[in-house]
Amino acid sequence: MSEVLLDTLIDLLKLIPFLFLTYLLMEVMEHMTSDRVKLAVRRAGYAGPAVGGLLGAFPQCGFSAAAASLYSGKLITMGTLLAVFLSTSDEMLPIFLSERVNIWLILKVIGLKVLIGIVAGFLVDVLFRSREHMKEPGAIHSMCEQEHCRCEKSIWKSAMLHTVKVLIAIAVVSFALNCLIFWMGEDTLAGFVQNQPVLGPILAGIVGLLPNCAASVVITQLYLEGILSIGAMMSGLLVGAGVGIIILIRMNKNWKDNLRIIGLLYGIGVVSGIMIEFIERLI
């Protein structure tokens with residue numbers, strides 16, 4: 001057990017400078033572009049899923065929450081909302097960068113999420129005629145400050161808060177994983193999920209539905225530990241929309257509409273993950 005604690009501590013210490021620098025850069029980007037990004041999504045019209053899918057890939061603070069607010073105010077379509085939800089990466093990108101994952105793998109994951117988000121968004125808009133949901137702009141306010149990170153005016157303080165929060169989540173996940181691997185063995189644990197091309201994405205999708213950044217932390221860490229396959233990881237990351245689902249449920253009073261969106265998000269994420277899993281196995 002002492003070795004497990006030591007390994008967890010060493011891993012965390014290695015991550016601190018990379019996580020902090022990554023979040024600092026993200027804070028700078030957000031303070032410079034946040035309002036323009038949200039305005040671009042709102043004005044996209046029929047091209048909403050393409051704009052939402054592309055802009056959703058950038059790790060903006062509470063961007064999924066902003067998209068949920070815009071949808072609840074009937075300013076964007078269901079397809080645009082789902083494109084944002086599916087392409088949003090939450091904590092995946094900072095963790096990948098801090099772990100110095102191969103840049104081509106990072107681009108591949110982000111590219112797949114964007115592509116799936118855009119295609120699914122357009123299909124949903126066509127099938128559900130969700131343009132009819134929209135109306136003229138009203139008084140919609142972003143709930144990022146109240147519901148997610150309570151973004152600070154100081155980018156240094158915000159970056160530090162993000163780093164500490166994610167480090168705590170990583171510490172819990174890493175310690176639990178190290179204990180599990182210590183007791184079960186890495187090969188046994190990885191084989192349980194990796195030999196299940198359907199079950200893996202289904203379970204990862206359920207984790208991804210958790211409306212918290214910890215979900216993407218868990219999924220990314222499981223992948224980096226070799227326990228989740230890339231198909232299962234993609235399933236969880238596609239479904240993971242951060243706090244966007246909470247904002248949607250709170251602000252959109254049509255519960256049938258909310259259930260439809262959550263069901264579509266989960267279904268698209270899991271089916272995409274299963275397809276990616278089989279393609280990877282064939283290759």
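- The nearest pair of heavy atoms linking Ala120 to Leu86 is CB-CD1, 3.8 Å.
- Note that the CG atom of Leu203 and the CG atom of Leu222 stand 11.0 Å from one another [nearest 0.5 Å].
- We find the CD1-NZ distance between Ile261 and Lys256 to be 14.5 Å, quoted to the nearest 0.5 Å.
- The two residues Phe85 and Ala68 come nearest to each other via the heavy atoms CZ-CB, 4.3 Å.
- Between Lys113 and Thr88 the shortest heavy-atom distance is NZ-O, 3.0 Å.
- Annotation: side-chain contact (heavy atoms from CB on, under 4.5 Å) contacts of Val101 (sequence neighbours excluded): Phe96, Glu99, Leu105, Ile106, Leu224.
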side-chain contact (heavy atoms from CB on, under 4.5 Å) evaluation trace for Val109 with Met234: CA-CA 7 Å; Val109 171; Met234 288 299 302; 3.7 Å; yes
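- In this structure, Met275 is not a member of the same hydrophobic cluster as Leu199, with clusters built from ILVMFWY side-chain heavy atoms closer than 4.5 Å.
- Taking every heavy atom of both residues into account, Pro49 and Ala83 meet most closely at O-CB, 3.4 Å.
- Rounded to the nearest 0.5 angstrom, Gln221 CD and Ser216 OG are separated by 10.0 Å.
- Across Ala57 and Ile110, no two heavy atoms sit closer than the pair CB-CG2, 3.9 Å.
- Asp257 contributes atom CG, which lies 8.5 Å from atom OG of Ser72 (distance to the nearest 0.5 angstrom).
- Considering only heavy atoms from C-beta on, Trp255 stays 4.5 Å or farther from Ile249 through its side chain.
- Linking ILVMFWY residues whenever their side-chain heavy atoms come closer than 4.5 Å, directly or via other members, places Val198 and Ile116 in the same cluster.
- Of all the heavy atoms in Leu264 and Phe128, the pair that sits closest is CD1-CE1, 3.9 Å.
- Under the 3.5 Å distance criterion, the side-chain polar atoms of Ser235 are left unmatched by any main-chain donor or acceptor of Gly231.
- Residues Ile245 and Ile262 form a side-chain contact, since some pair of their non-hydrogen atoms from C-beta on lies under 4.5 Å apart.
- One hydrophobic cluster holds both Ile274 and Leu209 under the rule that ILVMFWY side chains link at heavy-atom gaps under 4.5 Å.
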Evaluation steps, side-chain contact (heavy atoms from CB on, under 4.5 Å), between Ile219 and Met92: CA-CA 8 Å; Ile219 292 165; Met92 178 272 292; over 6 Å; no
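- Distance check: Ile118 CD1 to Ser87 OG gives 7.5 Å after rounding to the nearest 0.5 Å.
- Proximity of Met233 to Thr220: side-chain heavy atoms (C-beta onward) are nowhere separated by under 4.5 Å.
- Neither Val271 nor Leu228 shares a network with the other; the hydrophobic side chains, linked directly or stepwise wherever heavy atoms of I, L, V, M, F, W or Y lie under 4.5 Å apart, form separate groups for each.
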Audit row: Leu248, Leu265, side-chain contact (heavy atoms from CB on, under 4.5 Å) steps and yes/no: CA-CA 13 Å; Leu248 178 68; Leu265 178 65; over 6 Å; no
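- Residue Leu115 is not grouped with residue Leu54 when hydrophobic side chains (ILVMFWY) are merged at heavy-atom distances under 4.5 angstrom, including chains of intermediate members.
- A donor-acceptor contact shorter than 3.5 Å is absent between the side chain of Asn252 and the backbone of Tyr71.
- Atom CG in Leu82 sits 9.5 Å away from atom CD1 in Ile76 (nearest 0.5 Å).
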Chi angles and distances behind the side-chain contact (heavy atoms from CB on, under 4.5 Å) call for Ile268, Leu238: CA-CA 8 Å; Ile268 293 167; Leu238 283 164; over 6 Å; no
